[in-house]
2 protein chains.
Amino acid sequence: MAEKEFVSAQEVARRAGVSRSAVSRTFTPGASVSAETRRKVMAAAEELGYHVNHLARGLMRNESGIVCLIASEVATPYRSALVSAITQKLQDHSKIAMLVNTDRSDGSADKALRQAISYRADASIILSGLPDKSIVQLCLRNGQRLVLINRDDDQEGPLRINFDNDEAARRILTAFLRAGCRRLAFANSASMTPSLLARERGFLAAGQAEGIEVIVERYGQTAYASGRTLAQRLLTRKDRPDGVFCATDLLACGFMDAARNQFSLSIPDQLCVAGFDNIEQAGWESYDLTTFDQPVDQIAQQAVEWLSAPLSAPAASPTVTLHAELVWRSSIRGG
Amino acid sequence: MAEKEFVSAQEVARRAGVSRSAVSRTFTPGASVSAETRRKVMAAAEELGYHVNHLARGLMRNESGIVCLIASEVATPYRSALVSAITQKLQDHSKIAMLVNTDRSDGSADKALRQAISYRADASIILSGLPDKSIVQLCLRNGQRLVLINRDDDQEGPLRINFDNDEAARRILTAFLRAGCRRLAFANSASMTPSLLARERGFLAAGQAEGIEVIVERYGQTAYASGRTLAQRLLTRKDRPDGVFCATDLLACGFMDAARNQFSLSIPDQLCVAGFDNIEQAGWESYDLTTFDQPVDQIAQQAVEWLSAPLSAPAASPTVTLHAELVWRSSIRGG
DNA sequence: TTGTAGGCGTTATCAA
DNA sequence: TTGATAACGCCTACAA
């Protein structure tokens with residue numbers, strides 16, 4: 001095996017008949033190189049297939065260009081949409097995403113964050129799981145920036161991007177009431193994710209404000225199958241609800257399928273359903289689900305912009321609260 | 001801003017009262033360190049929050065531990081499942097995934113591969129797009145390993161992982177015939193992806209072998225919406241097909257929704273439908289789609305194992321052909 | 001504008 | 001087993 005090594009700036013310099021520094025400068029935006037030198041260097045580089053070694057560059061500049069994405073359930077519609085949007089935005093800012101899958105590691109973003117430190121990632125974006133406070137401090141102490149998405153937390157330091165779950169809950173409750181629903185329920189997973197709990201609390205509170213008692217059911221993971229089980233549980237009750245707010249679209253899809261096929265309920269005539277996330281499937285004709293749109297592009301934009309901003313950002317931990325727009329579809333009467 | 005730099009091995013050594021080398025050895029599996037030294041080093045490291053700098057390590061070892069994942073449409077069910085499986089497997093082998101999103105870059109995996117070279121990725125796994133031959137050669141020359149998934153290509157050097165699309169096509173044709181279908185069609189996207197074309201060719205050939213002319217329609221991207229359009233086109237024909245093989249599940253879902261709602265066709269009574277991929281949604285009750293399972297775990301397994309194998313692998317470009325199992329559901333009669 | 005020298009944090013080599 | 005020393009490929013003064 002030839003095992004030809006990577007081409008180094010040294011070799012390019014030799015080939016071009018200039019010094020190593022000339023090569024370095026050629027590939028450093030804004031450095032002073034004469035047109036002639038640059039031409040010679042570029043020619044030699046092209047010929048040899050030279051690419052700046054970002055590892056070595058990161059070592060020197062103390063800035064790797066790497067951003068670590070920490071997430072579980074990457075194959076989920078909403079999560080994958082978010083990952084896709086963020087990776088794109090990062091690339092637009094000439095950064096690169098390192099994806100750490102925390103599906104199997106027992107609940108620790110911690111291990112992932114240590115990975116991020118090891119690779120000297122400039123920043124980490126956490127989409128799932130809550131890291132230990134000490135690890136967060138460690139990251140910050142090391143000059144790493146942190147973004148927490150959809151994890152309502154009191155940590156100091158990281159940027160937090162959240163949604164106005166309370167307001168959404170109030171809005172959807174109003175919609176259910178306008179549709180003439182009398183018995184409302186909230187269908188949640190048992191995962192106890194901060195944002196899902198916020199939606200639950202918000203919906204309950206909104207109900208209370210109207211003098212309505214909301215039934216709450218929690219089960220399993222935040223997935224289609226759990227939605228079906230939740231339907232089994234809620235729709236066999238004596239006081240069967242006629243308006244159900246599901247914590248996510250995925251739950252809602254499962255819920256709707258079970259409601260229609262196992263309970264022969266017509267949606268929205270006999271049962272109104274709403275979800276959250278506005279995943280692609282919510283727009284599919286079989287569901288046509290009324291839901292809240294989580295604008296992944298906005299999230300990505302906010303996160304990456306903050307990461308690219310100069311360090312002079314205020315020491316206080318900023319919080320961005322985004323608005324989730326209600327997307328009206330046919331799973332709720334009226335409209 | 002304190003901007004405390006990262007902790008270096010030097011500092012740990014000083015703190016522990018040993019040499020840099022001792023620290024290095026402590027963090028190098030299989031190196032010879034006395035228990036006492038190791039203890040002291042670990043204590044100091046823990047105290048200072050030291051993490052080996054993988055950038056520097058990669059520089060020395062000429063092995064970064066980084067594997068570049070090059071993909072478009074990451075938010076798609078099948079693609080995201082694949083990404084998830086691969087990232088996990090990589091982590092199991094203590095490697096890390098760098099995700100390059102090629103959605104917007106005009107058809108070049110090329111740019112992505114250059115990124116991979118810049119970061120001295122040990123390997124690249126290409127899930128979408130076909131890179132230019134010269135770039136592939138460049139990667140290989142630089143000692144980078146390449147894996148092409150589902151892209152039937154004649155490139156020499158990379159590992160190619162494919163599916164037996166022909167056999168699948170034959171099997172599903174038989175199933176359609178057994179179900180009593182007379183007029184068969186293949187619904188494809190216009191993306192001309194190698195694997196999708198292979199399925200199309202295979203289905204046509206299988207039909208020909210049985211003396212049946214298969215109608216082919218191609219439209220748009222490989223997405224739900226295209227499936228709907230394909231239904232519009234195919235189901236308005238005078239010789240309306242009664243058995244349709246969709247190139248992917250995503251197309252099939254759109255197709256089914258349109259068939260049911262716009263054409264009031266009952267599936268499978270009046271129309272049989274099959275897909276490919278076995279995405280999660282294919283198992284949802286609204287679709288319950290008969291399809292072929294692309295085992296993402298197997299793909300990930302094969303790819304990562306090959307990457308982790310010693311360099312002594314044969315120079316010839318190996319090809320792995322996996323078997324896509326038929327998953328029987330209710331979208332085809334009989335069974 | 002250019003080249004030279006020194007250092008970034010590691011690991012590999014070698015002598016002790 | 002340990003410590004000194006030389007790379008790895010790059011960038012950034014500094015001097016020319």
Side-chain angles (χ1 to χ4, degrees), chain A residues 3-42 44-45 48-66 117-122 142-144, chain B residues 3-42 44-45 48-66 117-122 142-144:
Chain A
E3 185 55 18
K4 179 72 159 58
E5 293 306 322
F6 285 88
V7 180
S8 77
Q10 180 68 271
E11 303 175 52
V12 177
R14 195 157 26 218
R15 178 76 150 230
V18 297
S19 72
R20 276 160 297 187
S21 0
V23 178
S24 172
R25 279 189 280 260
T26 302
F27 287 97
T28 302
S32 65
V33 202
S34 73
E36 174 59 8
T37 306
R38 152 166 271 118
R39 199 193 51 71
K40 280 194 292 186
V41 170
M42 289 307 271
L48 266 49
Y50 169 76
H51 290 80
V52 178
N53 186 334
H54 278 50
L55 265 42
R57 169 179 278 181
L59 203 54
M60 265 309 294
R61 290 204 184 150
N62 218 17
E63 183 181 318
S64 61
I66 297 173
I117 294 181
S118 287
Y119 276 100
R120 298 300 188 262
D122 298 334
N142 285 343
Q144 215 185 90
Chain B
E3 185 54 22
K4 179 75 161 52
E5 291 308 323
F6 285 87
V7 181
S8 78
Q10 181 66 270
E11 302 175 51
V12 176
R14 194 156 27 218
R15 177 78 151 228
V18 297
S19 71
R20 271 168 302 181
S21 333
V23 178
S24 171
R25 277 191 282 263
T26 301
F27 289 96
T28 302
S32 64
V33 202
S34 74
E36 174 58 10
T37 306
R38 154 166 270 118
R39 199 191 51 70
K40 282 193 292 186
V41 170
M42 289 307 270
L48 267 49
Y50 170 74
H51 289 79
V52 177
N53 187 334
H54 278 49
L55 266 42
R57 169 181 277 181
L59 203 53
M60 263 310 294
R61 289 206 184 148
N62 217 19
E63 182 181 319
S64 61
I66 297 173
I117 293 181
S118 287
Y119 277 99
R120 297 303 188 259
D122 299 333
N142 285 343
Q144 214 183 91

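Proteins get letters first, then strands, A, B, ... in listed order; numbering begins at 1 in each. No hydrogens, no waters, no symmetry mates; every other heavy atom, side chains included, goes into these values.
Computed from coordinates, the B/Glu11 CD to C/dC8 C1' distance equals 13 Å when rounded to whole Å. We find that CZ of B/Arg38 is positioned 14 Å from C1' of D/dT2, with the value rounded to whole Å. Atom CG of B/Leu55 and atom P of C/dT11 are 12 Å apart (whole Å). In this structure, OH of A/Tyr119 is placed 14 Å from P of C/dT10, rounded to the nearest angstrom.
Scanning for salt bridge (Lys or Arg N to Asp or Glu O under 4.0 Å) contacts around A/Arg15 gives A/Glu47, with sequence neighbours left out. Partners of B/Ala121 according to the side chain to side chain contact (heavy atoms under 4.5 Å, CB included) rule, which considers only residues two or more places apart in sequence or in another chain, are B/Ile66, B/Cys68, B/Ala116, B/Gln144. By the side chain to side chain contact (heavy atoms under 4.5 Å, CB included) test, B/Ser118 is found to be paired with A/His51, A/His54, residues two or more places apart in sequence or in another chain being considered.
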Close N/O contacts between protein and nucleotides 9-13 of chain D (under 3.5 Å):
| from | atom 1 | to | atom 2 | distance (Å) |
| --- | --- | --- | --- | --- |
| D/dC10 | OP1 | A/Tyr50 | OH | 2.8 |
| D/dC10 | OP1 | A/Asn53 | N | 3.2 |
| D/dC10 | OP2 | A/Ala9 | N | 2.5 |
| D/dC11 | OP1 | A/Arg57 | NE | 2.6 |
| D/dC11 | OP1 | A/Arg57 | NH2 | 3.0 |
| D/dC11 | OP2 | A/Ser24 | OG | 2.8 |

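Between B/Ser32 and D/dT1 there is a side-chain N or O to OP1 or OP2 distance below 4.0 Å. Contact annotation: B/Thr37 reaches the phosphate of D/dT2 (side-chain N/O to OP1 or OP2, under 4.0 Å).
Recorded end-axis angle for the helix from C/dT1-D/dA16 to C/dA16-D/dT1 stands at 40°, based on five pairs per end and rounded to 10 degrees.
Atoms OG and CD, from A/Ser19 and A/Gln10 in turn, are 9.5 Å apart once rounded to the nearest 0.5 Å. Rounding to the nearest 0.5 Å places CG of A/Asp122 at 11.0 Å from CZ of A/Arg61.
When all heavy atoms of A/Ala45 and A/Val12 are compared, the closest pair comes out as N-CG1, 3.9 Å.
Side-chain atoms of B/Asn142 never come within 3.5 Å of backbone atoms of A/Phe6 as a donor-acceptor pair (strictly under, hydrogens ignored).
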Per-pair distances, 0.1 Å, donor-acceptor, side chain in residues 27-37 of chain B, under 3.5 Å, sequence neighbours excluded:
| from | atom 1 | to | atom 2 | distance (Å) |
| --- | --- | --- | --- | --- |
| B/Thr28 | OG1 | B/Ser24 | O | 2.8 |
| B/Ser34 | OG | B/Thr37 | N | 3.1 |
| B/Ser34 | OG | B/Thr37 | OG1 | 2.7 |
| B/Glu36 | OE1 | B/Arg39 | NE | 3.4 |
| B/Glu36 | OE2 | B/Arg39 | NH2 | 3.1 |

